[in-house]
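Read the structure below first, then the notes.
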There are 2 protein chains.
Amino acid sequence: MTDPAFEAHDHHACIVDGVAAVERACVARGLQLTQTRKRVLEILLSEHKAMGAYEILDVLRAEGLGSQPPVAYRALEFLTKHGFAHRIERLNAFIACSHFGDAHAPVFLICRRCNSVAESRSDVAKSEIGRIAKGAGFVIERTVREAEGLCPKCVEAA
Amino acid sequence: MTDPAFEAHDHHACIVDGVAAVERACVARGLQLTQTRKRVLEILLSEHKAMGAYEILDVLRAEGLGSQPPVAYRALEFLTKHGFAHRIERLNAFIACSHFGDAHAPVFLICRRCNSVAESRSDVAKSEIGRIAKGAGFVIERTVREAEGLCPKCVEAA
DNA sequence: CCTTAGTCGTTATGATATTTCATAGCAACC
DNA sequence: GGTTGCTATGAAATATCATAACGACTAAGG
Ligand SMILES: [Zn+2]
Ligand SMILES: [Zn+2]
Ligand SMILES: [Zn+2]
Ligand SMILES: [Zn+2]
């Protein structure tokens, strides 16, 4: 078992398919994928890495799509709110969702050497954090599960 | 099964015992629990809530123990580095460790209503995130596992 | 036309974190 | 005693991340 983010793949298709899927979802759910929102999604899809809000803003600014922080944050809020992107708490950064579809509780593997980020989905109910919460009578609404370390390539390189 | 953070307990003992345990550990490991470090630990222990660095700094400043951000951050770095406190990524804030002792991979339950935070320990190797990483050939060095939701009290109140 | 909800652009501000350079205290060693 | 190395501090500036607030624009529905 390997992960797209950690191995070679047709990345152009990654981007095209990702945008198309979100476009379909927005139509289906009556959401407006405005130009800025779409562009931010493309920027996030352009690499399997997490990008900071200001890094994204730099690109928008260069393209004349906005220059102030709220422009980027609003687009990111839209994308994360609807599950098209995720926020990586450990990095204060964002990444496009790579398990697109329904709502899910993502798990991230973050390589500290090459900065790649892989997303896995997981069932909170069956996870350890779910078990702990249940035992404590705690009702989970959202989870943050991120592991930092070395990806297969970087382990090999080291 | 319940959690200290989520139920009534002798909180004064919580603080005293917590400081005493860290003092012993510092002696044992040859670490220096300086006045500022000790005071920051006490501040963190004073509540089962996460506190922001500047919130802590305000207290230090009022007591003449330092007024600049690095003063608070250095003490927090010391405490987190040695496992006496943890950083809650979701909140950009810090909390005293409540499972004091050896190195561990903490799991946090964060109540969004009353802001209490409970810490559990867990074995990464046996957790879902560990299983996912293993399958991907990813070597974990650190994990962030935080659940946000409602604690037992707040569930009942709602 | 008018209203309303959503979006957008901008200014200003707040909150969090790091970098940099300089200094103080202390113990080991010669 | 003087030097060296180490750890902790102090102080200033800067970098990074995030939100509040307000007015203007626009599309959809009556
Ligand atoms: Zn996802
Ligand atoms: Zn890597
Ligand atoms: Zn702990
Ligand atoms: Zn609560």
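Source: prediction; values computed, not measured. Basis for what follows: all heavy atoms, side chains included, without hydrogens, waters or symmetry-related copies.
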A:Tyr54 on top of D:dC17's base, within under 5.5 Å and under 30°?
yes
Applying a 4.0 Å non-hydrogen cut-off, can you work out what A:Thr36 is touching in the nucleic acid: base, sugar-phosphate, or nothing?
nothing
Would you tabulate the side-chain donor-acceptor contacts of residues 106-118 of chain A under 3.5 Å, counting partners in other chains and residues two or more places apart, or write 'none'?
{"unit_1": "A:Arg112", "atom_1": "NE", "unit_2": "B:Glu141", "atom_2": "OE1", "d": "2.6"}
{"unit_1": "A:Arg112", "atom_1": "NE", "unit_2": "B:Glu141", "atom_2": "OE2", "d": "3.3"}
{"unit_1": "A:Arg112", "atom_1": "NH2", "unit_2": "B:Glu141", "atom_2": "OE2", "d": "2.8"}

From CZ of A:Phe78 over to C1' of C:dT7, roughly how many Å is that when rounded to an integer?
11 Å
Ring pair (Phe, Tyr, Trp, His ring centres under 6.0 Å) contacts touching residues 126-153 of chain B (sequence neighbours left out)
A:Phe6-B:Phe138
Distance below 4.0 Å between A:Arg74 side-chain N/O and C:dG6 OP1 or OP2:
no
CD1 of A:Ile56 versus P of D:dC17: gap in Å, rounded?
10 Å
Looking at residues at least two apart in the chain, or sitting in another chain, which of them share a side-chain contact (heavy atoms from CB on, under 4.5 Å) with A:Ser67?
A:Arg61
Atom pairs and distances, donor-acceptor, side-chain atoms in residues 146-158 of chain B, under 3.5 Å, two or more places apart:
{"unit_1": "B:Glu146", "atom_1": "OE1", "unit_2": "B:Arg90", "atom_2": "N", "d": "2.8"}
{"unit_1": "B:Glu146", "atom_1": "OE2", "unit_2": "B:Glu89", "atom_2": "N", "d": "2.7"}
{"unit_1": "B:Glu148", "atom_1": "OE1", "unit_2": "B:Arg90", "atom_2": "NE", "d": "2.8"}
{"unit_1": "B:Glu148", "atom_1": "OE1", "unit_2": "B:Arg90", "atom_2": "NH2", "d": "3.4"}

Return the value, rounded to whole Å, for the distance between atom CG of B:Leu79 and atom P of D:dA8.
12 Å
side-chain contact (heavy atoms from CB on, under 4.5 Å), that's the test. Do B:His99 and B:His86 meet it? Break it down for me.
CA-CA 11 Å; B:His99 286 282; B:His86 299 291; over 6 Å; no
Atom-to-atom span, NZ of B:Lys38 to P of D:dA8 - whole angstrom
17 Å
What side-chain donor-acceptor pairs closer than 3.5 Å can you find for residues 30-38 of chain A, not counting sequence neighbours?
{"unit_1": "A:Arg37", "atom_1": "NH1", "unit_2": "A:Gln32", "atom_2": "O", "d": "2.7"}
{"unit_1": "A:Lys38", "atom_1": "NZ", "unit_2": "A:Glu23", "atom_2": "OE2", "d": "2.8"}

Expressed as a whole number of angstroms, how long is the span from B:Phe94:CZ to C:dA17:C1'?
9 Å
Measure the distance from CD on B:Glu77 to P on C:dA17 and round it to the nearest whole Å.
12 Å
Between A:Arg61 and C:dT10, does any side-chain N or O lie under 4.0 Å from OP1 or OP2?
no
Restricting to side-chain contact (heavy atoms from CB on, under 4.5 Å), what partner residues turn up for B:Val59, sequence neighbours left out?
B:Arg39, B:Ile43, B:Glu63
Under 4.0 Å from any atom of DNA chain D, heavy atoms only: list the residues of residues 62-73 of chain A that qualify, in numerical order.
A:Pro69, A:Pro70, A:Tyr73
Distances under 3.5 Å between protein N/O atoms and the N/O atoms of nucleotides 28-30 of chain D, please, pair by pair.
none

Heavy-atom closest pair (A:Ala85 atom, A:Leu44 atom, distance to 0.1 Å) is CB-CD1, 3.8 Å
Residue list, side-chain contact (heavy atoms from CB on, under 4.5 Å) with B:Ala125, at least two apart or on another chain
B:Asp123
For A:Met51 and A:Phe94, what are the C-alpha separation, side-chain angles and deciding distance, and is it a side-chain contact (heavy atoms from CB on, under 4.5 Å)?
CA-CA 5 Å; A:Met51 296 184 71; A:Phe94 302 82; 5.9 Å; no
Counterpart residues, side-chain contact (heavy atoms from CB on, under 4.5 Å), relative to A:Glu128 (two or more places apart):
A:Arg131, A:Ile132, B:Ser122, B:Ser127, B:Arg145
I need the CG-P distance between B:Leu57 and C:dG14, as an integer number of Å.
16 Å
Integer-rounded Å distance: C:dA17 C1' and A:Asn92 CG
10 Å
Could I get a table of every N or O pair under 3.5 Å where one atom is in the protein and the other is in nucleotides 22-29 of chain C?
none

Tell me, please, which residues at least two apart from B:Phe78 pass ring-ring contact (aromatic ring centres under 6.0 Å, His included).
B:His82
